[in-house]
Amino acid sequence: MPPLLHSNASFHQSIINPTFISLLEKCHSIKQFKQIHSQIISSGLAHSPTHCRHMLSFCCSLPAPNLAYSRLLFDEMPVQDVFLFNTMIRAYSDHNDPSSALALYVGMLARGLKPNNYTFPFLLKAFDGETTIAHGDELHAHVLKFGLWSNVFVRCQLIHMYALSGKSHTARQIFELSPDRDVVIWNSLMSGYNRSRRFKDSCKLFEEMEMENVKPNSVTIVSVLSACAKLKDLKFGSRVHLVVKEDEPVLRTLAVDNALVDMYAACGDMSTAWSLFENMKSRDVITWTSMVTGFANSGDIHQARFLFDRMPQKDFVSWTAMINGYIQAHYFKEALAIFREMQDSKIHPDEYTMVSLLTACAQLGALEVGEWIRLYMARNKIKNDTTVANALIDMYSKCGCIERAIKIFKMMTKRDKFTWTAMITGLAVNGFGEEALDIFYQMLKTSTRPDEITYIGVLSACTHAGMAEKGKELFSRMIIDHGIIPNVAHYGCLVDLLGRTGHLTEAFQTIKNMPMRPNATVWGALLGACRVYKNVEMAELAAKQLLELQPENSAVYVLLSNIYAKCNKWDEVHKMRELIMYKGIKKVPGCSLIEIKGTVHEFVAGDKSHPMTEKIYSKLEDMSKELKRAGYVPDTTEAFLDISEEAKESAVYKHSEKLAIAFGLLNSENGVTIRIVKNLRICVDCHNAIKIISKVYAREVAVRDRTRFHHFSHGFCSCKDYW
DNA sequence: GTAGGGTTAG
């Protein structure tokens, strides 16, 4: 910072001082700015219009602008002209503060000032969807009233504004009414379509440009390729690629190459993506990240990781992409592990990263890590937006902590349909059917409309709470009330609902009358109900249909065999066993997860790989004695592959959830809830045993199985033995 | 003495 002039203030008064202006141009921090400002004041030049303009412009365009200081400066200026208003509005705009920008605009009108060509581009750029819905049309009218329609910048920004709020129809009208349509205004409309996810319209617009002989530039190409990537439209994307090849000198930019790589990768054409990638003269972090995402999405997680490890530099987007890749591949533990690596390399995550991590925690039932993430977000001031809160609700629900999920839900000031759906589904799987319906009715009072997924939650709430009549009513009204045509998944829910409440004939009738082909879920729901209500004939029928759809589904044989066993049809059980041996079908191994001190431990039945195996098995022995003393009798009707009674007993005794609970009892304090996540349905023996464990050890045990939560406490389960 | 369009992650 050069020394400031120590000149006599009066000497400079009322003339423009070029020294101050050039000092402002060199100014890089608010501290320096304040020094110059004080000099300007003591020189008596603070009220000179030229100095005011320079000062406000520079203050607003500092590398880290101080909005409050800028506003103070603005407020103290003796004459606030349109230029100063525009500059201040732009500052708010740059800070995504539409309401302050709007308030200033209103103040400007009140002052009798007229907006000019610059005002609306600044002001409208600040607008988000909500501000547009509230004030967009009015401002559009102002544009016309003040005669600014003829300005192409103003029209571009109007298009941008309408597109952002989803009114692409109005955006299109402005485009149509534009007298001079240069490539930029075409691009504006296309980016508008992209923003409102009207990707097909973007592609159509590109074709229109070709027909009207408007030459696309590199921005056009990037936009249209982005639309192709979202649509996974390889055919259209390749056509755009040809256009690029026809005009290489103009269109070959790094951004275009990146967009091409991303398009091919998104469409799953990894070999073309790879050859483009290899031949690029220069690549940046975006190029690499697109490749990593492409490999991950095409199911090649190892290739994704291979590339990821070789990236010359990685930013938080690349790390998040890799975390997401692991989640897509169901490698949830790896997703959490690589986040630790991310922290080691001192790359700061953002809210997107957090959502991914919370998803992994939800899948693993890793409550402690999930809690840690919430604290981490608070400590590191990571944006807690609606998506993050939705992920938290989902994580808490899937970890069986429904109270905490409700707390997040209640604290939210802005909720979207995902929020409501997450809360409804969360309550449903945790067994709070009535409460789930309450939330659903609350949702209907807002302007948020339920969708297909919401209804899956609503119907499963009725199932888990045994509310057959209510469920039937909601099912029959979903098309009338919300125009949602029931799909095969909804029919699956209905069959499940009827089956679980004992209406087997009605469930079967529903399947016969449904307007589409029943899928495996539908027949599976019926088969499950047959098990509970011991209906062998219908079970055979359902199993036969199911095996036609999924001949390798071992669970069907197991379930059918269980039903035979339950009905003492041992000949049939024997036949089933032989059939399985003959067909060489393997049972999906049962697997249970438990999180202890932030680490997720995984157990399969009969597992002896854990470092604490000896202690676990000896704890299991103790438990077995205590349980038997408390009246527990092993129930082996659902044990399947074992021949002798004794072997069966020892097989159920080593079920993965029992191992996990033994481990949990060994490694957690009294009074702490033991939380287990299981990949299959819990078996009847484990269910009995855990009820007694909850009583004998005075522990709450929460088991999440394939379909729902079982909250065990004081010898009872929240599912009321009904699952 | 100010203005318009673009790419990656949920």
J.: Could you tell me the separation between the CE atom of A:M322 and the C1' atom of B:dA9, rounded to a whole number of Å?
T.: 13 Å

J.: Between B:dG6, B:dG4, B:dT7, which nucleotide has the shortest distance from any of its atoms to the side chain of A:N258?
T.: B:dT7

J.: May I ask you to say what A:F120 touches in the nucleic acid, namely base, sugar-phosphate or nothing, with a heavy-atom cut-off under 4.0 Å?
T.: nothing

J.: Return the value, rounded to whole Å, for the distance between atom CG of A:L225 and atom P of B:dT7.
T.: 11 Å

J.: Under 4.0 Å between any heavy atoms, over every strand shown, what does A:N116 touch: base, sugar-phosphate, or nothing? Just pick one.
T.: base

J.: Is it the case that atom CZ in A:F418 sees more than 12 heavy atoms from other parts of the structure closer than 6.0 Å?
T.: no

J.: Does B:dA3 have OP1 or OP2 sitting under 4.0 Å from an N or O in the side chain of A:K125?
T.: no

J.: Choosing from B:dT2, B:dT7, B:dG1, which nucleotide comes nearest the side chain of A:V222?
T.: B:dT7

J.: Would you say A:K230 places a side-chain N or O within less than 4.0 Å of OP1 or OP2 belonging to B:dT7?
T.: no

J.: Identify which nucleotide among B:dA3, B:dT7, B:dG6 has an atom closest to any side-chain atom of A:I286, counting heavy atoms from C-beta outward.
T.: B:dT7

J.: Would you classify A:S191 as touching base, sugar-phosphate or nothing, given that sugar-phosphate means primed atoms plus P, OP1 and OP2, and contacts are heavy atoms under 4.0 Å?
T.: sugar-phosphate

J.: Just call it for A:N151: base, sugar-phosphate, or nothing, with non-hydrogen atoms closer than 4.0 Å on any strand.
T.: base

J.: In whole Å, I'd like the distance from the CE atom of A:M280 to the P atom of B:dT7.
T.: 16 Å

J.: How far apart are the C-alpha atoms of A:T119 and A:N116, what are their side-chain angles, what is the distance that settles it, and do they pass the side-chain hydrogen bond (donor to acceptor under 3.5 Å, both in side chains) test?
T.: CA-CA 5 Å; A:T119 314; A:N116 64 14; 3.1 Å; yes

J.: B:dG6, B:dG4, B:dA9: which one has an atom nearest the side-chain heavy atoms of A:Q157?
T.: B:dG4

J.: Which listed nucleotide (B:dT8, B:dA3, B:dG6) is nearest to the side chain of A:V317?
T.: B:dT8

J.: If you check the A:A255 side chain, which of B:dT8, B:dG6, B:dT2 turns out closest?
T.: B:dG6

J.: Could you report the tightest heavy-atom contact between A:M270 and A:M291, atom names first, then the distance?
T.: CE-O, 3.9 Å

J.: Any base atoms under 4.0 Å from A:D257, or only sugar-phosphate, or nothing? Heavy atoms, all strands.
T.: nothing

J.: Looking only at the aromatic ring of each residue, does the gap between the centers of A:W319 and A:F316 stay below 6.0 angstrom?
T.: no

J.: Which nucleotide sits closest to the side chain of A:R195: B:dG6, B:dA9, B:dG4?
T.: B:dG6

J.: Nearest to the side chain of A:F153, heavy atoms from C-beta on, is which of B:dG4, B:dT2, B:dA9?
T.: B:dG4

J.: Could you label the plane-to-plane angle of the A:H142 and A:F120 rings as parallel, tilted or perpendicular, counting under 30° as parallel and over 60° as perpendicular?
T.: perpendicular

J.: Could you give the CZ-to-P distance, from A:F85 to B:dG1, as a whole number of Å?
T.: 20 Å

J.: Out of B:dA9, B:dG6, B:dA3, which has the shortest distance to the side chain of A:T320?
T.: B:dA9

J.: Find out whether A:L123 and A:S93 are in side-chain contact, i.e. whether some heavy atom of one side chain is under 4.5 Å from a heavy atom of the other.
T.: no

J.: Classify the ring geometry between A:Y326 and A:Y331 as parallel (under 30°), tilted (30 to 60°) or perpendicular (over 60°).
T.: tilted

J.: Kindly indicate whether the side chain of A:D182 and the base of B:dG4 share any N or O donor-acceptor pair separated by less than 3.5 Å?
T.: yes

J.: Given atom CD of A:Q80 and atom P of B:dT2, what is their separation to the nearest angstrom?
T.: 20 Å

J.: Compare side-chain N and O positions of A:H54 against OP1 and OP2 of B:dG1 and report whether any pair is under 4.0 Å apart.
T.: yes

J.: Would you indicate which nucleotide in B:dT2, B:dG6, B:dT8 comes nearest to any side-chain atom of A:D262?
T.: B:dT8

J.: Between A:M263 (CE) and B:dT7 (P), how many Å, whole number?
T.: 15 Å

J.: State whether A:R90 places a side-chain N or O below 4.0 Å from either non-bridging phosphate oxygen (OP1 or OP2) of B:dA3.
T.: yes

J.: Classify the nucleic acid contact of A:N86 as base, sugar-phosphate or nothing, counting any heavy atom under 4.0 Å across all strands shown.
T.: base

J.: Ignoring backbone atoms, test whether A:S226 places a side-chain nitrogen or oxygen under 4.0 Å from the OP1 or OP2 oxygen of B:dG6.
T.: no

J.: How long is the line joining CZ of A:F175 and C1' of B:dG4, in whole Å?
T.: 14 Å

J.: Rounded to whole angstrom units, what separation is found between the CG atom of A:N297 and the P atom of B:dT8?
T.: 13 Å

